[in-house]
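A quick write-up on the structure given underneath.
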Amino acid sequence: MGQIFSSTDDGFSLKTSSLSWAAARDATSGAFSSSAGHFNSYAVRASISSSGGRGGLTNTFFVSRAFFKFDTSGIHNIPVDAQIFIYGRTFTNADVILVKSNQQASGLSFGNADFDAIDGWVAGANNNGNVRKYSGIETSWTTSYNQMDLTGEALSDIVAYDSFKCCLIDYANDLRNNTPTAPSMTNNFSGVWFADEELTSKDPYLQYSEPAEPTQSLMLGTNF
């Protein structure tokens, strides 16, 4: 059983807009991103808030996505199975899913430009069938370690790339492009602890099972 902790260059990217859902969700750059914090209670978010005044109600849309990177350069055979463990923080309302991402494509540090760095992403579309899914849908996020079993495509990519990159994204609204509505979606966010947490007590990590070594008889063949 192997275990790899996430790079400290993991983090989240956030975009807000009082103009429209599309202006937040389909942006090509986040308004804020961070890879320096230990945690964020709104790391995965697709929600709306309303504020009132003399001019009437104003809606503000929030979209946040969490990105992770694991050094898999030492894995040379497709694992039998693998899981990613992410520790939850404070809020647990959003249904989430792991998808293939390509943040830091230029080799620079994680930042605002990585907001839409998701493989197969199409602005304005329901991306449920466009992205590469690395896990099933997690509908019961917790404030302890959440285990996400990886798909066969994810297992292949663990070997194919020296850096295994993934994004934790809201499934119901962000991925599928369903506009959140107040007030039911106001609390649609889930928190995450990142790799800056000291002593690795809550760090995200990748766990994998390597294929069994061939037996000597299989390697040498059978003599008659």
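A quick note: this is a predicted structure, and the numbers were derived from the prediction, not measured.
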Testing the 3.5 Å rule here: is there a donor-acceptor pair between the side chains of Ser29 and Asn112? no
Residue pairs passing the ring pair (Phe, Tyr, Trp, His ring centres under 6.0 Å) test where at least one lies in residues 158-178, sequence neighbours excluded: Tyr134-Phe164
What heavy-atom pair brings Asn127 and Gly120 nearest, and what distance separates the two atoms? OD1-O, 3.9 Å
Looking at residues at least two apart in the chain, or sitting in another chain, which of them share a ring-ring contact (aromatic ring centres under 6.0 Å, His included) with Phe70? none
Gap separating the NZ atom of Lys165 from the NZ atom of Lys100, nearest 0.5 angstrom: 10.5 Å
Would you call Asp174 and Arg25 a salt bridge, taking side-chain N to carboxylate O under 4.0 Å as the test? yes
Closest heavy-atom pair and its distance - Phe61, Ile48: CE2-CD1, 3.6 Å
Keeping the roles fixed (side chain from Thr142, backbone from Ser144), state whether a donor-acceptor pair exists under 3.5 Å. yes
Same cluster or not: are Ile4 and Phe194 linked, directly or through other Ile, Leu, Val, Met, Phe, Trp or Tyr residues, by side-chain heavy atoms under 4.5 angstrom apart? yes
Hey, is the main chain of Asp162 close enough, under 3.5 Å, to the side chain of Ser73 for a donor-acceptor pair? no
Distance-minimising heavy-atom pair for Asn146 and Ser140: OD1-O, 4.1 Å
Return all side-chain donor-acceptor pairs below 3.5 angstrom for residues 13-21, not counting sequence neighbours, or 'none' if the list is empty.
residue: Ser17; atom: OG; partner: Leu19; partner atom: N; Å: 3.0
residue: Ser20; atom: OG; partner: Ala23; partner atom: N; Å: 3.1
residue: Trp21; atom: NE1; partner: Asn177; partner atom: OD1; Å: 3.0

Using a strict threshold of under 4.0 Å (side-chain N to carboxylate O), is an ion pair present between Asp10 and Lys69? no
Between Pro204 and Ala195, which heavy-atom pair has the shortest distance, and what is it? CD-N, 3.7 Å
Ring geometry between Phe85 and Tyr205 (parallel below 30°, tilted from 30 to 60°, perpendicular above 60°): parallel
Heavy atoms, side chains only, cut-off 4.5 Å: are Arg89 and Val192 in contact? no
Check ring-ring contact (aromatic ring centres under 6.0 Å, His included) between Phe32 and all other residues, then give those that pass, not counting sequence neighbours. Phe12
Just so I know, are the side chains of Asp26 and Asp116 near enough to count as touching, which here means a heavy-atom distance under 4.5 Å? no
Transitively linked via ILVMFWY side-chain contacts under 4.5 Å: Ile137 with Phe91? no
Is there a donor-acceptor contact under 3.5 Å from the side chain of Asp170 to the main chain of Ala94? no
Could you state the interatomic distance from OH (Tyr42) to OG1 (Thr90), rounded to the nearest 0.5 Å? 8.0 Å
Polar contact flag, side-chain donor to acceptor under 3.5 angstrom, Glu153-Thr151: no
Atom pair SG (Cys167) and CG (Leu175), whose distance is rounded to the nearest 0.5 Å: 9.5 Å
Among all residues two or more places apart in sequence or in another chain, which pass the ring-ring contact (aromatic ring centres under 6.0 Å, His included) test with Phe62? none
Between CZ on residue Phe68 and OG on residue Ser7, distance to nearest 0.5 Å: 11.5 Å
For the pair Val63 and Phe115, evaluate side-chain contact (heavy atoms from CB on, under 4.5 Å) and give the outcome as yes or no after the intermediate values. CA-CA 9 Å; Val63 177; Phe115 179 73; 3.7 Å; yes
Roughly how far apart are Ile86 CD1 and Met148 CE, rounded to 0.5 Å? 6.5 Å
Can you list everything that forms a ring-ring contact (aromatic ring centres under 6.0 Å, His included) with Tyr208? Sequence neighbours excluded, please. none
Using the rule given for side-chain contact (heavy atoms from CB on, under 4.5 Å), can you reason through Asn188 versus Asn173, listing the C-alpha separation, both sets of side-chain angles and the distance that settles it, and then say yes or no? CA-CA 9 Å; Asn188 191 46; Asn173 296 88; 3.6 Å; yes
Exercise: do Ser209 and Asp81 side chains pair donor with acceptor under 3.5 Å: yes
Quick one: does NZ or CZ of Arg65 land under 6.0 Å from the six-membered ring centre of Trp121, within 45 degrees of the ring axis? yes
Is there a side-chain contact between Thr72 and Asp157, using heavy atoms and a 4.5 Å cut-off? no
Does the Ser135 side chain pair with the main chain of Leu98, one donor and one acceptor, at a distance under 3.5 Å? yes
Using the rule that Ile, Leu, Val, Met, Phe, Trp and Tyr join whenever any side-chain heavy atoms are under 4.5 Å apart, tell me whether Ile97 and Phe189 fall into a single cluster. no
Of all the heavy-atom pairs spanning Asp114 and Ser109, show the shortest one and how long it is. OD2-O, 4.2 Å
What distance do Asn77 atom CG and Leu155 atom CG have between them, rounded to the nearest 0.5 Å? 12.5 Å
Report yes if the side chains of Leu206 and Gln83 come closer than 4.5 Å at any heavy-atom pair, otherwise no. no
Same hydrophobic cluster for Val159 and Ile84, using side-chain heavy-atom links shorter than 4.5 Å among ILVMFWY? yes
Out of Asn187, Asn59, Thr60, which one pairs with Ser49 under the side-chain contact (heavy atoms from CB on, under 4.5 Å) rule? Thr60
Nearest heavy-atom neighbours spanning Ser190 and Trp141: CB-CD1, 3.6 Å
